Structure formats: structure tokens, C-alpha cells
Amino acid sequence: MNKFSTKYIFVTGGVTSSLGKGIIAASLGKLLSARGYKVTIQKLDPYINVDPGTMNPYEHGECYVTKDGAETDLDLGHYERFLGNTTSQANNVTTGSIYQTVIKKERKGDYLGKTVQIIPHITDEIKRRIKILGDTNDFDFVITEIGGTVGDIESLPYIEAVRQIKWELENSALYIHLTLVPYLSAAGELKTKPTQHSVKTLLESGIQPDILVCRTEHHLNNSIKEKIALFCNVEKDAVIESIDAKTIYEVPLLMQKESLDKVVLRKLKLDDDTDVKLDKWKDFLFKLNNPNKEINIGLVGKYIKLKDSYKSISEAFIHASTEKNCKVNIKWINAEELTEVNIKEELQDLNGVLVAPGFGDRGIEGKINAIKFVRENNIPFLGICLGMQCAVIEYARNILKMPDANSTEMSLNTAFPVIDIMANQKNIENKGGTMRLGSYNCTLEKNSYSYKAYQKLKIEERHRHRYEFNNKYLKDFNDHGMQCVGKNPDNNLIEIVEVPSHPWFVGVQFHPEYNSNVLNPHPLFSGFVDACLENKL
Ligand code: GLN
């Protein structure tokens, strides 16, 4: 038996969306794990999609892939980057997946003739999903972030489920509500009314928040905190200011300054006097805020209007470059607008170029143009997933002289299908959750940029794709200077291509960005940043 009963912390949001619940949850998680607790963070999403894998990034930002192959909300990326531990399928729950389970059970007859209803059947399933993580006995704290804003129709079953859970868990559960305290410049005042109303909405659903975290652009003075405490039935020290920060990585320290972790521990009747080990995190922040050099990197993709579409990539750049006291400036380049005419102007001043993952043929020729330019001009290049596939296509067309070489994803009838659908993907019709997903092994060639970066021969990386390098052409590529230096040892699938005659040209079929966190920058991103720094000299 676990002597320490798992504590459950629920984070809701009010007033507006985009207040940063994910970052607050991750920051609290960081503070608790810095005290030696084992923490995991879960996200409940109120939409009907079974997972975000089928959504366009413009709907929902990046789809984050876990080690065990779940396609999840991008907040899970923040959780992993802050805590440095991995999440799993169980860390992301959607309304779609809840209903899918309940309806499957109903079809099997598991409800024994009962009418199946939101309460208790849907709410019971939600509670089961919340407790799954605690029941493993692997965690002291399960922090559950409830997506959406209180008062939304969609989130009502979640709110009801966590109301019930507190009754069952008594002192082992806690509610944190994140709200906004807006500043009205005409009045010159911070306003507490939206927070009061938001708490009232929660109260209508039977939830009294224990702690309020208030997003604000100006400091909350004592009297504002007192007012919020009085009107919202919380203790004054449980009104936590969350002022806008320069970087998300500063938020754990701001929360520590406001004693969020101490208040949580006290309310859960735990010792709040333990050491908080944040030295490495502080070192990272210091370097992030005091760079002594900078690089300019181009990110070529087709969803660049919403930067969240490439969240893990841009964060991985921050981790890798900060370690080297370097600031990274990302130039967001729309692949659809890159032509042979403007390519030089767009790319020539960059220290490195990353070609992003993606699906479908929109923007593909722009990506290929970009790769030709960086290959011919010795600009460091990192291609991820579709970016790697485009590098293979470009090399085939321009070096192997295969004129219309392509991926069968873009052109079914190409004479040179250098990228082709994986054999076990051919007969799959359903789109959701059916790609090659999650972590697989890869063995590296010693004489490669990748080995130099990883410093080991066996690696494991996460995947999300249906197409692969066509091994029929392996010899052609090897003979003409593009080397396949990373292979899956079990099925020979090509995982990494490189051009050794180029200063740094690496294409990877997997997604290194999912494996980068604040205290452990990803080796390939570090290698790429090194190459960009050298390119600058
Ligand atoms: N569309 C490509 C495939 O399915 C690449 C996917 C990706 O970039 N994640 O193989």
C-alpha cells in the first residue's frame, strides 16, 4: 500500500480562454516535483473529437505525441518540458473518448438494461479516467487541468465529475481556479468583478475553489486581494497573483514567490517546509535572459500563422540554444509562398533552416525549393518527418536526376516513388489514431552528424507518419552522397538521412522535438544550433 495517498488537484479556468491554465498547472507541478514529489499532469478536453490527431493545427495548435503513441493536446508538451517526465495516453482525456467508451459498453450490454445518462454514466467514466493515474501508485500528485472556461456547456460534465470526486476523496483533493483581473485604463483600476462572477458560476455547479490564481497585467495590491478573498470565500493568501511574464519558464518562480506551492501543501495538510530544488531551472532562466550571442533560423511550414502549430519545435530551439548562451530568432516562412524567385531573398541571411512536419501537398514545392537552396548554399538544415521526406525528394530530383520523384502521398503515379506508403498502412481507412505512432528504436551509423550529436548508437524517438523512405532506392542515394545513417533495427525502416559533404544536413523521419525539455535539450537540436553558430562565423 502507498502510505501517501495520492492528492488530486483540479485546475479550472474562468472569464476568458487562453489564460494559461496549462502553464499554471505545469508550474505548480514543477514546484511540487522540486520538493521531491512525484507529479503527473492530465488534461481533460471538452470537444467531441476522440483525440486532436484529426484536427487541423489551425483549430488546435500542434498535436503532441506521447511515448506510448497517443495523439494529444499541446499542453502535454508543456507538462513534459516542465517536469522532465513522460506522459501517456491516460494524460489526455476528451469528451469524444469518454462517450466512445460509454457507448461501447452500452452496446455490449454492460449497463444491464439501465437508461444510460450523463449522470452517473458519463461522470463515472470521467472519474475513472482521473483516478487511473493515481491508482498506478506512481504519483504523489495528479494535477488535472479542465479545458475550456467554466460556464461552457461542453465542460459541465467534467465540472460535475470533479465536484463528486472531492466528496469521495475529502482532504485529498483541491480546486484551483484561474481567472482574469483586467485593468481598465480609462478608470485606472484593476477590476475584480469578472473574477467574482466566474467564482459564482463555479459555485452554481457546487464547487468552491480553494485557491484563486489571478492573471493580471498589473500587481494586485493588498486591498484587491482582500476584496477578492472576501467576495469569493477564499483565504487572502490563497489569492495568487499571476502577472504577465517575459517567458513561460519564469512562471514557476513567480508562483513560488506567491507561495502557490506552500498554500497547496498547507491545504492538503502536508509539510510546506521542505527544500525546493530549483537551481538548474534558475541557471536555465539566467542564461535565457542573458544571452551573449544569437542565431537566425528559418522555420519553413504551412501553418505559420499560428505559432502554436509548431510549439514543440520552437521550444526545443529555446532549450538547445539557451544551453549555449545563445538567443534564437525564428523567421516563420510560409512554404506556400516560397518560389524560385524569392527563395534567395528569404533564406540567404539565415544561419540555419528547419523544414517542418506536415501532411498533404500544399506547400510541398516551397519546402523542396528551400531544401535545394540550403543544400547548395551550405546552410545547416534539419528536416523533420515531412521535412525529411522533402529532402529525399529534392535529392532524388536534382542529384539522382529522377525528374518527377515524389512521395506517393503527393503523387500516386510518380515514376520515382522515393517516399512510399508503409506496407502496414496500405489498407487502413480510418484516419484517427492509425498512423505509425509513438516511440521506436533506431540504430545510428557511427560516422554521422547524428551520432556526433547523440554520442550513442541506440536511440529511441517518437513518430507520427504513414509514409517512409523507399528502400528500393537506398543504393542510389548512398552512391550519390545522401547517406541513410539511422535505421530501425527491427524492420530496416530509414529513420535518418544525411549529406556528409554538406556542413550539417540532417533529415529525420521521427520527431525529436517531442523529446526536448528545459533541463535536457535534444541532442539533434543542440547539434543543429552548434552548426548554425559555426555557420555564422
Ligand atoms: N505526411 C507524412 C507522412 O504521413 C509526414 C508526416 C509528418 O510530417 N508528421 O508520412
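Quick note: residue numbers are just sequence positions, from 1. Start at 1 and go down the list; that is how both ligands and their atoms are numbered. The shown structure was predicted, so the numbers you read here are calculated from the model rather than taken from an experiment.
Listed by atom number, the atoms of ligand 1 under 4.0 Å from Arg464 heavy atoms are 6 (C), 7 (C), 9 (N). Heavy-atom proximity to His511, at under 4.0 Å, picks out these atoms of ligand 1: 9 (N). Near Cys385, the atoms of ligand 1 lying under 4.0 angstrom from a non-hydrogen atom of the residue are 5 (C), 6 (C), 7 (C), 8 (O), 9 (N). The ligand atoms of ligand 1 that sit less than 4.0 angstrom from a heavy atom of Glu409 are 1 (N), 2 (C), 3 (C).
By the 4.0 Å N-to-carboxylate-O rule, Glu125 lies close enough to Arg128 to be salt-bridged with it. In this structure, Glu80 pairs ionically with Arg462, as a charged nitrogen and a carboxylate oxygen lie closer than 4.0 Å. Taking 4.0 Å as the cut-off between side-chain N and carboxylate O, Arg397 and Glu365 count as a salt-bridged pair.
Looking at Glu468 against ligand 1, nothing comes within 4.0 Å, counting heavy atoms. At a heavy-atom cutoff of 4.0 Å, ligand 1 is contacted by no atom of Met435, backbone or side chain.
From the protein, the heavy atom lying nearest to atom 5 (C) of ligand 1 is Gly358 O, 3.3 Å. Nearest protein heavy-atom neighbour of atom 10 (O) of ligand 1: Tyr467 N, 2.9 Å.
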### Task
Take Glu461 and Ile459, measure what side-chain contact (heavy atoms from CB on, under 4.5 Å) needs, and give me the verdict at the end.
CA-CA 7 Å; Glu461 293 284 1; Ile459 58 165; 4.1 Å; yes
### From CA spacing to verdict: side-chain hydrogen bond (donor to acceptor under 3.5 Å, both in side chains), Tyr158, Thr95
CA-CA 9 Å; Tyr158 289 123; Thr95 296; 3.2 Å; yes
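Looking only at distances, no side-chain donor or acceptor of Ser516 sits under 3.5 Å from a matching main-chain atom of Glu513.
Residue contacts with ligand 1 include Gln389, since one of its heavy atoms falls under 4.0 Å from the ligand.
Using modelled atom types and a 3.5 Å distance limit, the side chains of His465 and Arg436 yield a donor-acceptor pair.
Checking only distances, Arg466 does come within under 3.5 Å of ligand 1, N or O to N or O.
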